[in-house]
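Excluded from the calculations below are hydrogen atoms, water molecules and symmetry mates; all remaining heavy atoms, backbone and side chain alike, are included. Below, read A as the first sequence line, B as the second, and so on, with proteins coming before strands; counting in each chain starts at 1. Small disclaimer: the values here were computed from a predicted structure and weren't measured.
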2 protein chains.
Amino acid sequence: MPRTYNEQKPTSGSRTLTDQAYLQLRSDIIHGELQPEEKLRIEHLREEYGVGASPLREALSRLTADGFVTAEGQRGFRVAPMSEADLADITRMRILLEKQALSQSIEHGDDAWESQIVATFYQLEKVEQSEERDQAEWEVRNHDFHEALIAACTSKWLRRFYGILYDQHKRYRNIALSTEIPRDLHQEHEALRNAALARDKQRACDAIEQHIMRTAEITLKVLREEEADRENEVDKVAAS
Amino acid sequence: MPRTYNEQKPTSGSRTLTDQAYLQLRSDIIHGELQPEEKLRIEHLREEYGVGASPLREALSRLTADGFVTAEGQRGFRVAPMSEADLADITRMRILLEKQALSQSIEHGDDAWESQIVATFYQLEKVEQSEERDQAEWEVRNHDFHEALIAACTSKWLRRFYGILYDQHKRYRNIALSTEIPRDLHQEHEALRNAALARDKQRACDAIEQHIMRTAEITLKVLREEEADRENEVDKVAAS
DNA sequence: TTTACAAAAAATATCGATAAAATTCTTGCA
DNA sequence: TGCAAGAATTTTATCGATATTTTTTGTAAA
């Protein structure tokens, strides 16, 4: 009896198994389920994710392009490392690109663009001011808002690169904050919204720079604390 | 008798078949052997490049990340389209990134960096002033020189994105110029070298901007002429 | 002649199996 | 005890075969 190997799970909207594997792996890396530098053995992942080698390898190739995975010929794949230097690099680049995208967006944005900024800001505000500050919810709303700001940017390449950096940054935030709550970023978001709607490029660029810097600083601080904790653990074990 | 399917061609230095397929496809796209928008049928490519479906798909995934190929789930791959708008986009982005990379490089460059600029400029100069202006040779020397200029840039991400854009731009140059000769870009290169060695960021950035703009303009002009020619052809055929 | 549908053909995505390469484990020797 | 050669194991990269989808072709009704 010929058996069906694609069971067409209706749970995931993804078309192909490769897409599914890609999205799952991506999510697991961003959320730290797969640790930095961890070896990604195909055989192992096959069981874990329930797909064959081909779609897995393809998914890993894509993730390599996104900078979430590193590949070495004949040596397989591993989760991309994380470092303070890398975070600093991502931050600087994100500032450069998001400023540019924001400027273009302010230049070309129409009424729909403005509306979308107002709408996404409102949703973000709601999450930020609610009692139980849901990290996952905030992530989504934050992303929507930032996306709305640069939605009128006409450069395909700028958007592509910006998207990669945003997701990279997200990984650092997720690893660091994990269960932490977002702080008073609210004023910064508000300033950003107002500057954009006022079509004030300079003010908007300053706001976005400061905003990204602040977010990165907080992430960096938590990252360092975690690092210190880990070293303490090691010392304790060594001392016992 | 178990047969060997990897014949280990010693001609190509690449480790894996995937790498080989990637490099070949890439080159064929950059040099216009594979036309923009052309369908890339796996079955067909298998014969053409002599490798199986798996390495091909992986190679195509990588090329998708580089922006040389587009992929649509369940619909396969095709060569990425080319357009004037895309060229303009690439140009603008390349200016933004190369300026940034150059600034950082000027800031951090050491003696070895300076030497490398002098050396690669000299080689480029030789090609530019020789009688038989070999397009392929010039491409390599030009790339080496530009690479040397930003070699001291510390940002991994900046270099990654810049590399992608440089190669994209190269495709347009190759498609457009094909057998054309490089013009008096020599003075621009010289100005660039001098500004870099003088550690004059402002001057270097201006020089690079003008240089990239000029190159792009020339490419655009040739592109338009070719387009016009093609339309003439079509008209002729339609009239007959 | 065009449109609509169904059958046929082609192409994609995927699997399981396997050769080659890398890694780990043994074991014999200085 | 340390270590090097090589045997065993694990892992990667790759192939050929096949289910599922998409595209093309052929045909009959409007």
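- Under the 3.5 Å distance criterion, with hydrogens and angles disregarded, no donor-acceptor pair is assigned to the side chains of Ser83(A) and Asp86(A).
- If you take CD1 on Ile29(A) and CD on Glu38(A), they are separated by 9.0 Å, rounding to the nearest 0.5 Å.
- Ranking dC15(C), dC15(D), dT11(D) by closeness to the Leu17(B) side chain, first place goes to dC15(D).
- Legend: residues meeting salt bridge (Lys or Arg N to Asp or Glu O under 4.0 Å) with Lys39(B), ordered by chain and number and at least two apart, are absent.
- Counting heavy atoms from C-beta outward, Asp66(A) and Tyr22(A) have side chains that approach closer than 4.5 Å.
- Checked against dT23(C), dT14(C), dT14(D), the side chain of Thr18(B) finds its nearest nucleotide in dT14(D).
- Note: OH (Tyr22(B)) to P (dA13(D)) measures 16 Å, nearest angstrom.
- Here dT12(C) presents its C1' atom at 13 Å from CG of Leu45(B), a figure rounded to the nearest Å.
- For the pair Glu38(A) CD and dT11(D) P, the interatomic distance rounds to 13 Å; values are reported in whole Å.
- For the pair Arg41(B) and dT12(C), the criterion of a side-chain N or O lying under 4.0 Å from OP1 or OP2 is not met.
- Dashed line: the shortest gap from a side-chain N or O of Arg15(A) to OP1 or OP2 of dA13(C) is not under 4.0 Å.
- dT12(D) atom C1' lies 13 Å from atom CG of Asp19(B), rounded to whole Å.
- Rounded to an integer number of Å, the gap from CD of Glu58(B) to P of dC15(D) is 11 Å.
- Each of Gly73(A) and Ser54(B) was assigned the nucleotide of DNA chain C with the nearest heavy atom; the assignment lying further toward the 5' end belongs to Ser54(B).
- Residue Lys39(A) places its side chain closer to dT11(D) than to any other of dT11(D), dT23(C), dT14(C).
- Rounding to the nearest 0.5 Å places CG of Leu124(B) at 5.5 Å from CG of Asn142(B).
- Per the geometry, NE2 belonging to His44(A) stands 17 Å off C1' belonging to dT9(D), to the nearest Å.
- Nearest nucleotide to the Arg46(A) side chain, out of dG16(C), dT22(D), dG16(D): dG16(C).
- One can place CD of Glu43(B) at 11 Å from C1' of dG16(D), the figure rounded to the nearest angstrom.
- When distances run from any side-chain atom of Thr16(B) to the nucleotides dT12(C), dC15(D), dT14(D), the shortest one goes to dT14(D).
- Rounded to whole Å, the distance from CZ on Arg57(A) to P on dT12(D) is 8 Å.
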